[in-house]
Amino acid sequence: MKRYFTSRWLLLGLGLAALVGLTGMNVYTLVRLQQATVQSSQDAQRNKVSEFNAAVANRFNPAVRAFWPLNVEALEGTWRAERRLPDDFTAVLATLSRDSLYAAVYFAPGSFVSCGIGSEVYRFVPETEQLVRIEQPPRAVCDGIGLIRTRVNVLIEEYRWNTKRLFDANRTMNIALINHRGNGIAGYVSLEIDNTYFQRRYLPREMASVFGTREETGISAWIYDWLRGEVVLTNDPTATFERRTVSMSQRFPDILDTWTTAARFDTTPVLVESNNSLWRNLLALGVATLLLVSTIVFMFVLAQRERALALRQAGFLANVTHELKTPIAVMQAAGENLADGRVSDPTRLKAYGTHIQTESMRLRRMIDKLLDVAKTEAGRYPFKPEPYVMADLVDRYLKESGEQADTRLESAVRVVVDRDHFDTILGNLVENARKYGGDTGYVGIRVSRQGRRAVLEVEDRGIGIPPESIKRVFEKFYRVENADTARTKGHGLGLSIVKSLTELNGGRVEVRSTLGSGTTFRISFPITDRTHAN
Ligand code: ADP
């Protein structure tokens, strides 16, 4: 029995542990998954900034690359001899001047020092494919060529490629054509950037294609001109650019030297959804786990109860058998003596008669109780509810049973109950009050009206019920087990009958008790105005 008991607890523990383990694993997996989603979404957002800058840089690269295969030395020779460019250079300039990115294409020979009187700066005319010398080149072009000239003169010793390009902010892209043999600069090409096209058409298109809108991608992006301190372009006109709220910023390497791309990452709709779904999943998991745990615990408790009930029933059976046998044995012995005719003394005859009478009454009471239980169990209790004045019922019961009690009965409250049931209920309560009422022998019965209910209270000043047992006294076969109750006889059936019958008649039963000083059972029924049975 003991082994069986411990193994049940062990199994319960294992089951719960497995459940907790599984739930923990699930929570862990869900959270990790969410973290991975967040991480990959952030990575994707970061990548977009680099992607954008690379795309913009790429737009400028063909111009530089076009010069790489050309022979700069030949250019120098042709220019010196004929004041013109070789055909392959002309072809490249023609291609560049057709690119909408550039407003105009300029060329200055290597001898260029600065703009001013006598300086040579030529504009490439696409229609005729000729270079036309201009007296007053645009400022931006002069600045650009001046800038690259200074820079390249410093670098030229170690520089290995035949072109070097330099941006003058977003105004010009300047290319120095380097002749490595002669260790000099053969000429400069200055490409004037068409900002109407570049800033108004090209960049917005590129920005939209990489960053989309903030609603779609969760990114607010800006091109910021740090030299001027102003925003050149953004995909999110509703947001203001603030340096400290920016999540990431990146310069354009080598190009557009005064600009940087900055981006702020918000949560994307995908992330919001994945977050919500995480919470939904956790909630569902929590509810499911809770349900499972409570089901397991509930079933376990139920099983424990059933077992306890089964044990009590077995004990009861043994008890009942014993209880039935005692009066029968007494009666049998008395009967035998009488039958033998050996007893003739009238006082002894009377004593035997009384014995048989009380024992048979005891037997009868027990059988009645057992039958009551069986009937309430089967739901086959005869039930004839009628309106009664509650005080009358109590009076009649006291008269018929010969019980004595301290009564306080309010006379006007009427209830609809089955009279036999009421007698059984009251009988059981009074019997208990006597059994557990201690030495005072006090039994109080009170009928009162409380709101819309008629209340019957049976009070004793006896041993009381321990608090931990209060809830259980109405259970079938339950008896408080201690030294006080051990002296009384009973099977734990009376109160279960009281409860079933009270509820069958639409009433409620409660108990209040203080250990060592007394108990009050309180039965209440709804009050009725009916005076006759229908
Ligand atoms: P029984 O009296 O046959 O044991 P009951 O169902 O009538 O069975 O009562 C169940 C248990 O409740 C009793 O065994 C007793 O421990 C406790 N009990 C009932 N009535 C009282 C009372 N008036 N005072 C103290 N304990 C009581």
Side-chain angles (χ1 to χ4, degrees), residues 305 308-309 311-324 326-327 361-377 381 394 397-398 401 403-407 421-446 455-504 507-524:
R305 286 240 177 108
L309 184 71
L311 283 178
R312 281 209 305 274
Q313 253 162 347
F316 166 73
L317 211 62
N319 228 335
V320 159
T321 323
H322 174 76
E323 296 278 315
L324 287 176
T326 324
M361 261 161 63
R362 211 175 117 194
L363 200 59
R364 192 201 158 112
R365 270 206 306 277
M366 256 198 78
I367 291 172
D368 278 351
K369 227 173 228 188
L370 284 173
L371 287 179
D372 279 350
V373 174
K375 278 189 280 187
T376 42
E377 293 251 292
Y381 220 93
V394 175
Y397 165 80
L398 289 175
S401 66
E403 288 278 1
Q404 298 287 321
D406 171 27
T407 53
H421 294 183
F422 189 87
D423 282 355
T424 312
I425 293 167
L426 186 54
N428 274 301
L429 293 182
V430 171
E431 186 187 325
N432 280 357
R434 292 245 173 272
K435 277 204 296 195
Y436 307 108
D439 302 332
T440 67
Y442 174 86
V443 178
I445 301 181
R446 190 141 71 115
V455 177
L456 168 73
E457 279 163 311
V458 178
E459 183 192 350
D460 65 57
R461 294 178 185 163
I463 60 174
I465 304 171
E468 67 275 10
S469 302
I470 276 265
K471 273 205 180 134
R472 308 196 53 192
V473 289
F474 295 104
E475 283 175 23
K476 221 183 322 159
F477 303 118
Y478 182 81
R479 304 201 71 213
V480 176
E481 272 165 26
N482 57 29
D484 286 331
T485 50
R487 276 188 264 116
T488 61
K489 290 205 165 118
H491 310 289
L493 290 174
L495 288 180
S496 94
I497 295 172
V498 167
K499 187 167 155 70
S500 313
L501 288 185
T502 307
E503 284 170 1
L504 185 68
R508 278 204 300 259
V509 51
E510 288 156 77
V511 54
R512 244 173 302 149
S513 182
T514 314
L515 197 59
S517 65
T519 307
T520 304
F521 282 91
R522 183 175 184 277
I523 312 276
S524 71

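Start at 1 and go down the list; that is how both ligands and their atoms are numbered. If you read the sequence from its start, that first residue is 1, and numbering goes on from there.
Residue contact check: R479 has heavy atoms under 4.0 Å from atoms 1 (P), 4 (O), 14 (O) of ligand 1. Which parts of ligand 1 touch L493 is read off a 4.0 Å heavy-atom cut-off, strictly below it: atoms 6 (O), 8 (O). The contact set between ligand 1 and K435, taken as ligand atoms under 4.0 Å from a residue heavy atom, comprises 1 (P), 2 (O), 3 (O).
Using a 4.5 Å cut-off on side-chain heavy atoms (C-beta onward), L504 and H421 make contact. Annotation: side chain of I523 is in contact with side chain of L429 (closest heavy-atom distance under 4.5 Å). Residues R512 and R522 are in side-chain contact: their nearest non-hydrogen atoms beyond the backbone lie under 4.5 Å apart. Contact annotation: the side chain of Q404 approaches that of R434 to within less than 4.5 Å [non-hydrogen atoms, C-beta and beyond]. Using a 4.5 Å heavy-atom threshold, the side chains of I445 and L398 count as touching.
Of the polar atoms of G494, at least one N or O is found under 3.5 Å from an N or O of ligand 1, judged by distance alone. Taking distance alone, with nitrogen or oxygen atoms compared against 3.5 Å, V480 approaches ligand 1 more closely than that limit. Any N or O atom pair closer than 3.5 Å counts here, and G492 shares at least one such pair with ligand 1. By the 3.5 Å distance cut-off applied to N or O atoms, F521 is not counted among the residues near ligand 1.
The protein non-hydrogen atom at the shortest distance from atom 7 (O) of ligand 1 is N432 ND2, 2.9 Å. Of all protein heavy atoms, the one closest to atom 21 (C) of ligand 1 is Y436 CD1, 3.4 Å. In this structure, atom 6 (O) of ligand 1 lies nearest to the protein heavy atom L495 N, 2.8 Å. In this structure, the protein non-hydrogen atom closest to atom 23 (N) of ligand 1 is D460 OD2, 2.8 Å. Of the protein's heavy atoms, V473 CG1, 3.4 Å lies nearest to atom 12 (O) of ligand 1. With hydrogens left out, the protein atom closest to atom 11 (C) of ligand 1 is Y478 O, 3.7 Å, a heavy atom.
Residue-ligand proximity: G464 is placed with a non-hydrogen atom under 4.0 Å from ligand 1. Using a non-hydrogen distance threshold of 4.0 Å, I465 registers as a contact of ligand 1.
The backbone N or O of L495 lies less than 3.5 Å from no partner atom in the side chain of N428, so there is not a single donor-acceptor pair. A donor-acceptor distance shorter than 3.5 angstrom exists from the side chain of S513 to the backbone of I465, with no hydrogens or angles considered.
The number of heavy-atom neighbours closer than 6.0 Å to CG of D439, taken from other residues, nucleotides and ligands shown, is 12 or below. Counting non-hydrogen atoms of neighbouring residues, nucleotides and ligands closer than 6.0 angstrom, the CD atom of E468 exceeds 12 such neighbours.
The side chain to side chain donor-acceptor pair (under 3.5 Å) test applied to R479 returns Y436, T488, not counting sequence neighbours.
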